Amino acid sequence: MDSDLLCMDTFKVIVESAPLVSIDLVVKDSERRILVGKRVNRPAMGYWFVPGGRIRKGETLVRAFSRITASELGVALNIKDAHYLGLYEHFYDDSVFSEQDPRVSTHYIVNGFEVMLPEGHCSLPFDQHNQYKWLMEEEFCNSDDVHLHSRWYLYKEKGFL
């Protein structure tokens, strides 16, 4: 086990007790399409969702951004090249622990960023998403299959700057 990762028992206590702080990425390509992946884990399982990940204790925002883009997109990007969209709150009735304990909900405090994916890049992981697709902004905003929390990144009134 990676020494930076929590054991599941410790992680469950945290999810039950506190919000998780994370980064979500509105990834666009040269045609201004938005990347979404179909979630295989709770919360938001079965929905199309933007890539992202949790910030670890002791990890700077700059380091977390680089690590998350490397792990979620296959290329480490610099936070200086991203556009900050704002701070968002995501509340879910379920969690990664729902099968064991359906009472555990999830609360995220999310830093949203927009990034451009470098041309010719295609190395996406399949641990959180089992499919990927690119959507035009209109389709992204109007699809009920794209989770509402992902669509919020394009609705300026939903975040806190």
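Since the model is a prediction, treat every value here as computed from it, not as a measurement. In this chain, numbering begins with 1 at the start of the sequence shown.
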Gap separating the [atom1] atom of [X] from the [atom2] atom of [Y], nearest 0.5 angstrom:
X: S17; Y: H107; atom1: OG; atom2: NE2; result: 13.0 Å
X: L135; Y: R33; atom1: CG; atom2: CZ; result: 9.0 Å
X: E72; Y: R67; atom1: CD; atom2: CZ; result: 9.0 Å
X: R151; Y: D144; atom1: CZ; atom2: CG; result: 5.5 Å
X: N130; Y: N41; atom1: CG; atom2: CG; result: 9.5 Å
X: S150; Y: R39; atom1: OG; atom2: CZ; result: 9.5 Å

Transitive ILVMFWY side-chain link [X] to [Y], under 4.5 Å:
X: I79; Y: L87; answer: yes
X: Y108; Y: V146; answer: yes
X: L20; Y: M45; answer: no
X: I14; Y: V110; answer: yes
X: V75; Y: V62; answer: yes

The test is side-chain contact (heavy atoms from CB on, under 4.5 Å); show your working for N111 and I55 and say whether it passes. CA-CA 10 Å; N111 291 279; I55 299 170; 4.2 Å; yes
Please report the closest heavy-atom contact between [X] and [Y], naming both atoms and the distance.
X: P51; Y: L35; result: CD-O, 3.9 Å
X: G112; Y: Y84; result: O-CD1, 3.5 Å
X: F11; Y: L6; result: CD1-CD1, 4.1 Å
X: K38; Y: G46; result: CE-O, 3.2 Å
X: V104; Y: S98; result: O-OG, 4.0 Å
X: M136; Y: E31; result: CE-O, 4.1 Å

Worked verdict on R32 versus E114 for salt bridge (charged side-chain N to carboxylate O under 4.0 Å, His left out)
CA-CA 11 Å; R32 305 292 299 162; E114 182 179 310; 3.3 Å; yes
Donor-acceptor check, side chain of T69 to backbone of S66, threshold 3.5 angstrom: yes or no? yes
Are there over 12 heavy-atom neighbours, none belonging to R54, within less than 6.0 Å of that residue's CZ?
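Result for CZ/R54: open.
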Practice prompt. Report, as yes or no, whether the 6.0 Å neighbourhood of atom CG on N142 holds more than 12 heavy atoms from other residues, nucleotides or ligands.
Written response: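 Atom CG in N142 is crowded, with more than 12 foreign heavy atoms closer than 6.0 Å.
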(Q) Run the side-chain contact (heavy atoms from CB on, under 4.5 Å) test on V50 and F140 for me, step by step, so that the C-alpha distance in whole Å, both residues' side-chain angles and the decisive distance to 0.1 Å come before the verdict. (A) CA-CA 10 Å; V50 297; F140 178 88; 4.0 Å; yes
Give the intermediate values and the outcome of side-chain contact (heavy atoms from CB on, under 4.5 Å) for residues L61 and I23.
CA-CA 9 Å; L61 191 58; I23 292 172; 3.8 Å; yes
Between Y132 and F126, is the ring centre distance below 6.0 Å?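 Yes: the rings meet the under 6.0 Å criterion.
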If you apply the rule side-chain contact (heavy atoms from CB on, under 4.5 Å), what do you find for R42 with E99, and how did you get there? CA-CA 10 Å; R42 290 185 164 116; E99 286 187 24; 3.5 Å; yes
Is any side-chain heavy atom of I68 less than 4.5 Å from a side-chain heavy atom of F113?
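When only atoms from C-beta onward are counted, F113 and I68 do not touch, as no gap falls below 4.5 Å.
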Non-hydrogen side-chain atoms of L25 and L77 separated by less than 4.5 Å:
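L25 vs L77: side chains apart.
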Return the orientation label for the H147 and Y47 ring planes: parallel under 30°, perpendicular over 60°, tilted otherwise.
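Judged by the thresholds at 30° and 60°, the geometry between H147 and Y47 is perpendicular.
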Hey, what's the ring geometry for F49 with Y92, parallel, tilted or perpendicular (30° and 60° as the breaks)?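 Rings of F49 and Y92: tilted, as their planes differ by 30° to 60°.
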Side chain to side chain donor-acceptor pair (under 3.5 Å) partner of D24, the single match among Y153, Y88, W152: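 Answer to the side chain to side chain donor-acceptor pair (under 3.5 Å) test with D24 among Y153, Y88, W152: Y153.
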